[in-house]
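Heads up, the thing below is written out as structure tokens.
The shown structure was predicted, so the numbers you read here are calculated from the model rather than taken from an experiment.
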Amino acid sequence: MKTSEITIIGAAILDVLVSPADPGVFQSGSSPADRISMSFGGDALNEAMVLSHLGKGVQLQTVLGDDMQGEMIRRKCEELGISLPESCVRDALRTGINVVLVQPGGERCFLTDRGGSLRRLTMEDLELQFPRSTKVVSFASIFVFPELGSHQLAEIFSAAKQQGKIVCADMTKRKNQERPEDMAEALRYVDYLLPNEEEACLFTGCAGAEEAAEALLAAGVGTVVMKLGSRGCLVASKKETYRIPAVPDVKCVDTTGAGDSFAAGFLFGLSEDWEVRRCAEFANVCGAGAVTQLGAAAWCESGMDKITGKAGELFRKFMGVSQIN
């Protein structure tokens, strides 16, 4: 088992991917798809898998059921050297499965299991004494878990800060009309927040990326690293704001997990003590690699050395190698 340099907190589930998904299936009763496959998923597990393939030691704090799906995830983590606390298995819970409906062009919709583990993480599932070797603690994602509101997140983040860790967080769409002032108790501990533009604008009530970033900084975030999809990303701090363009000429197959791969790339850079701009540039490259294949972590599972085009060229340049595990 590798020494844990990064701790990721969040969801670990299985995904069933359908590509392409025909919206007319409810009228026709049956519809063929080019491909239906199963893969590992969940924001935290996606990030942990990418980081492991990048050579990082990772601790994953999540919750799983004592079932076949949970066992598959535990075995995968063991195979990749991802550390799981013993407390992650809960007997009376079933491990979540998402059905991911991938549209032509790569955009997707989800069917989620209301009774599964996806949104069930609580404070009782977490170990807030992080490994001594951990440099970065990342929560993926704010607004996913109903039991982890601003007060609970503040407890998690402040514990990490007291132990000298860099605190990062991703987010999803708000669920209960939350605004930055509602989450300020937690946000003031976040060194790097990594929302996408839609999430940030919905949360802040702002019309554009720069304005939303300013609102998040005003709420206490140290640096905002905002995902802009095919337009790259925006980096904003109290010192400077700038955009980094996306990797050009990328054929998008499936956007599932692209944001998680972006986050993993950024966390990798932080753990290597890279400057923020370089971290964000590498995050763009990892996000670009992710959309080229079906499934959240397929691009690293099939061999990162096989990434083609400009994304592959830049990836190998960043890593300084010709092949990656």
Side-chain angles (χ1 to χ4, degrees), residues 2-12 41-63 77 80 82-85 88 121 123 125-145 148 152-172 183 186-196 199-200 216 220-227 233 235 257-274 276 279-280 282-283 286-287 290 296-297 300:
K2 301 172 185 174
T3 302
S4 297
E5 300 172 69
I6 300 170
T7 291
I8 310 289
I9 301 170
D43 45 23
L45 181 56
N46 292 340
E47 292 178 22
M49 289 177 63
V50 173
L51 285 163
S52 177
H53 282 285
L54 288 171
K56 289 294 173 182
V58 184
Q59 182 197 56
L60 172 60
Q61 294 205 27
T62 190
V63 63
C77 288
L80 293 177
I82 297 170
S83 170
L84 284 169
C88 72
L121 195 67
M123 293 298 290
D125 300 309
L126 303 179
E127 296 181 2
L128 299 189
Q129 187 60 47
F130 301 104
R132 230 170 165 183
S133 56
T134 286
K135 180 182 290 187
V136 181
V137 173
S138 184
F139 189 88
S141 297
I142 295 173
F143 302 131
V144 167
F145 307 106
L148 299 179
Q152 291 77 20
L153 292 174
E155 184 178 344
I156 296 166
F157 299 159
S158 64
K161 294 295 287 184
Q162 288 168 16
Q163 294 168 54
K165 316 302 184 187
I166 299 170
V167 174
C168 299
D170 203 336
M171 62 187 289
T172 186
M183 303 298 293
L187 293 178
R188 65 191 179 98
Y189 293 108
V190 177
D191 297 302
Y192 299 94
L193 184 68
L194 296 90
N196 68 34
E199 294 159 353
L216 293 169
V221 174
T223 298
V224 177
V225 183
M226 194 180 301
K227 294 163 279 193
C233 68
V235 178
D260 300 332
S261 286
F262 177 100
F266 191 84
L267 298 177
F268 177 90
L270 288 179
S271 73
E272 292 286 307
D273 297 321
W274 292 354
V276 174
C279 292
F282 185 58
C286 291
C300 59

Between [X] and [Y], what is the shortest heavy-atom contact and its length?
| X | Y | result |
| --- | --- | --- |
| Phe262 | Ala280 | CE1-O, 4.4 Å |
| Ala48 | Val58 | CB-CG1, 3.8 Å |
| Gly259 | Asp170 | O-OD2, 4.2 Å |
| Pro195 | Ala200 | CG-CB, 4.0 Å |

I'd like to know if the side chain of [X] reaches the main chain of [Y], judged simply by a donor and an acceptor atom lying under 3.5 Å from each other, with no hydrogens or angles considered.
| X | Y | answer |
| --- | --- | --- |
| Ser52 | Leu80 | yes |
| Lys227 | Leu194 | yes |
| Lys165 | Val136 | no |
| Asn46 | Gly42 | yes |
| Ser158 | Glu155 | yes |

- Query: Would you call Glu47-Lys56 a salt bridge at under 4.0 Å N-O?
  - Reply: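 Here Glu47 does not pair with Lys56 in a salt bridge, since their nearest N and O are not under 4.0 Å apart.
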Are [X] and [Y] side-chain neighbours, meaning at least one heavy-atom pair lies under 4.5 Å?
| X | Y | result |
| --- | --- | --- |
| Lys135 | Glu5 | no |
| Ser4 | Ile6 | no |
| Tyr192 | Val221 | no |
| Gln129 | Gln163 | yes |

Does [X] have any side chain to side chain contact (heavy atoms under 4.5 Å, CB included) partners at least two apart in sequence or in another chain, and if so, which?
| X | result |
| --- | --- |
| Thr7 | Ile9, Gln59, Gln61, Phe130, Pro131, Thr134, Val137 |
| Ala11 | Asp43, Leu118, Phe145 |
| Asp191 | Lys161, Ile166, Val167 |
| Ala12 | Leu45, Leu60, Thr62, Leu64, Ile73 |

- Task: Begin with the C-alpha distance, continue with both residues' side-chain angles, and end with the deciding distance and a verdict on side chain to side chain contact (heavy atoms under 4.5 Å, CB included) for Phe139 and Leu153.
- Result: CA-CA 9 Å; Phe139 189 88; Leu153 292 174; 3.6 Å; yes
- Who passes side-chain hydrogen bond (donor to acceptor under 3.5 Å, both in side chains) against Glu199, sequence neighbours left out?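 Checked Glu199 against side-chain hydrogen bond (donor to acceptor under 3.5 Å, both in side chains); matches are Asn196.
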- Can you name the side-chain hydrogen bond (donor to acceptor under 3.5 Å, both in side chains) partners of Thr172, sequence neighbours left out?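 With sequence neighbours excluded, Thr172 shows a side-chain hydrogen bond (donor to acceptor under 3.5 Å, both in side chains) to no residue whatsoever.
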- How long is the gap from SG on Cys88 to CG on Leu121, to the nearest 0.5 Å?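 Between Cys88 SG and Leu121 CG, I get 10.5 Å after rounding to 0.5 Å.
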- Query: How many angstroms lie between atom CG of Leu51 and atom OG of Ser271, to the nearest 0.5 angstrom?
  - Reply: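 Spacing of CG (Leu51) from OG (Ser271) equals 7.0 Å.
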- Task: Evaluate the side chain to side chain contact (heavy atoms under 4.5 Å, CB included) criterion for residues Thr223 and Leu193: first the C-alpha distance (whole Å), next the side-chain angles of each, then the deciding distance (0.1 Å), finally the verdict.
- Result: CA-CA 6 Å; Thr223 298; Leu193 184 68; over 6 Å; no
- Task: Report the C-alpha distance between Ser138 and Ile8 in whole Å, list the side-chain angles of each, state the deciding distance to 0.1 Å, and finish with yes or no for side chain to side chain contact (heavy atoms under 4.5 Å, CB included).
- Result: CA-CA 5 Å; Ser138 184; Ile8 310 289; 4.0 Å; yes
- Message: Quick one, Phe266 with Phe282, criterion side chain to side chain contact (heavy atoms under 4.5 Å, CB included). Give me CA distance, side-chain angles, the key distance, then yes/no.
- Response: CA-CA 7 Å; Phe266 191 84; Phe282 185 58; over 6 Å; no
